[in-house]
Amino acid sequence: MAIFKKKRNYFTLDTHSVEKKEKAEVKPSVPEGMWHKCRGCEKMILKEDLLKNHLVCPRCGTYERMGAWDRIRLIADEGSFREVNGNIVGMNPLDFPGYEEKIEKVQKKTKSFEGILTGYCTINGIRVAMGVMEPSFIMGSMGSAVGEKVASLAEFAEFYNLPLLIFSASGGARMQEGIVSLMQMTKASFAIRKHSDKGLLYISIPTDPTTGGVTASFAMLGDIIIAEPKTLIGFAGRRVIEGTIRKELPSDFQSAEFLLHHGFLDAVVKREDMKDYLGKLLQLHGGKR
């Protein structure tokens with residue numbers, strides 16, 4: 001049974017297509033128009049001010065969700081990112097009605113072929129393999145292609161002795177692919193284990209939101225796990241958990257600050273400080289320039 005389609009050989013790099021993507025106009029991760037309504041304080045903000053502040057509300061500090069290409073431009077050194085395995089695209093293993101049309105529609109909207117971009121770049125001059133999930137691609141859900149790209153990225157990093165960084169943003173497994181999507185948890189986790197067995201560094205950065213099967217697999221397997229302030233990180237939703245245990249949960253339950261306090265995270269780092277923080281971590285762990 002064909003689960004995903006792959007047009008060329010393993011570890012492919014199409015520099016020409018990457019350059020076209022970089023030159024193409026990529027829509028910001030906020031709605032069109034001059035104004036944007038903050039999802040925190042619910043006040044109107046000039047979109048120009050929001051973009052200048054890395055999609056962080058200048059009034060209340062609420063973090064808007066950032067698209068994959070925006071994230072790459074923020075973290076990677078300018079012009080250093082090169083995509084690998086961009087030709088891996090999910091199929092429709094269960095013949096789910098309307099699924100292929102939905103994929104095509106989201107591809108045009110996000111300028112991405114799947115729910116994660118994978119490649120290599122430099123951060124403050126240090127070489128890394130990096131994956132960035134796209135929260136706007138069916139809520140960053142993990143289907144067969146996403147699992148394959150994460151596993152391939154870990155194998156790529158292992159082969160070239162590179163540190164591995166993954167920015168997660170996901171609503172969990174992709175329901176249209178059923179159990180096939182759940183199998184990706186094992187595949188991705190095993191590839192990351194092989195990367196770890198070689199003594200290489202894996203830094204996981206769950207961003208808002210990171211939930212479901214992604215949290216239960218590669219997002220929480222990092223040697224170092226970092227998050228942005230107020231990031232939602234969890235497995236099941238609050239109402240499901242409260243209904244199961246029949247207790248009211250704390251108001252900050254599943255927030256980055258709550259997880260840091262209980263030992264599930266190593267640090268909570270502001271978005272504008274993330275690149276320098278990662279650069280210092282990579283340097284401390286022997287990153288190569």
Side-chain angles (χ1 to χ4, degrees), residues 1-7 10-11 68 84-107 109-110 112-118 131-158 164 166-197 202 204 206-222 225 232-245 254 264:
M1 178 179 65
I3 296 177
F4 56 86
K5 52 188 175 185
K6 193 174 187 181
K7 298 177 183 177
Y10 208 50
F11 295 158
V84 296
N85 290 325
N87 58 324
I88 296 177
V89 183
M91 297 183 73
N92 191 2
L94 304 183
D95 292 327
F96 196 93
Y99 181 42
E100 294 173 6
E101 292 77 8
K102 185 171 186 175
I103 290 286
E104 290 177 6
K105 184 178 178 180
V106 176
Q107 285 173 339
K109 179 182 177 182
T110 62
S112 299
F113 289 111
E114 255 301 335
I116 188 170
L117 285 166
T118 57
V132 184
M133 298 193 77
E134 174 56 70
S136 299
F137 200 102
I138 317 182
M139 271 305 296
S141 52
M142 180 172 61
S144 56
V146 170
E148 175 67 13
K149 291 185 75 170
V150 170
S152 294
L153 181 68
E155 292 169 358
F156 178 91
E158 178 195 351
L164 175 63
I166 298 181
F167 287 83
S168 307
S170 178
R174 194 173 296 177
M175 60 164 285
Q176 292 91 340
E177 297 186 24
I179 195 170
V180 174
S181 65
L182 297 177
M183 292 165 61
Q184 308 311 309
M185 297 168 61
T186 304
K187 178 196 287 184
S189 298
F190 181 72
I192 288 171
R193 172 61 186 271
K194 287 178 63 182
H195 178 267
S196 176
D197 287 345
Y202 169 38
S204 176
T207 65
D208 190 74
T210 298
T211 60
V214 170
T215 303
S217 56
F218 61 86
M220 301 305 287
L221 291 178
I225 306 176
L232 172 65
I233 306 168
F235 181 67
R238 171 187 286 270
R239 286 182 297 177
V240 173
I241 297 172
E242 287 182 334
T244 302
I245 66 175
Q254 293 184 329
F264 282 84

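Between I241 and Q254 there is a side-chain heavy-atom pair separated by less than 4.5 Å. At least one side-chain heavy atom of M139 sits under 4.5 Å from a side-chain heavy atom of P209. Here the side chains of F218 and M142 are in contact, with some heavy-atom distance below 4.5 Å. Residues I166 and Y202 are in side-chain contact: their nearest non-hydrogen atoms beyond the backbone lie under 4.5 Å apart. Contact of the P206 side chain with the I225 side chain is registered, since non-hydrogen atoms from C-beta on lie closer than 4.5 Å. Counting heavy atoms from C-beta outward, E134 and L117 have side chains that stay 4.5 Å or more apart. Annotation: side chain of L164 is in contact with side chain of I192 (closest heavy-atom distance under 4.5 Å). Side chains of Q107 and I103 form a contact here, defined as non-hydrogen atoms less than 4.5 Å apart.
Checked by atom type and distance alone, the side chain of T244 pairs as donor or acceptor with a backbone atom of V240 at under 3.5 Å.
Residue pairs meeting the side chain to side chain donor-acceptor pair (under 3.5 Å) criterion with at least one member in residues 206-216, sequence neighbours excluded: R39-D208, R65-D208.
The salt bridge (charged side-chain N to carboxylate O under 4.0 Å, His left out) search around D197 returns R193, not counting sequence neighbours.
More than 12 heavy atoms of other residues, nucleotides or ligands shown are found within 6.0 angstrom of CD1 on I245. The neighbour count for F190 CZ, taken as heavy atoms of other residues, nucleotides or ligands under 6.0 Å away, does not exceed 12.
Taking OG from S181 and CE from M175, the interatomic distance works out to 10.0 Å, rounded to the nearest 0.5 Å.
Evaluated for a side chain to side chain donor-acceptor pair (under 3.5 Å) with Y99, the options Q176, R174, E104 yield exactly one hit, R174.
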Check against side chain to side chain donor-acceptor pair (under 3.5 Å), S144 and E177: CA-CA 8 Å; S144 56; E177 297 186 24; 3.0 Å; yes
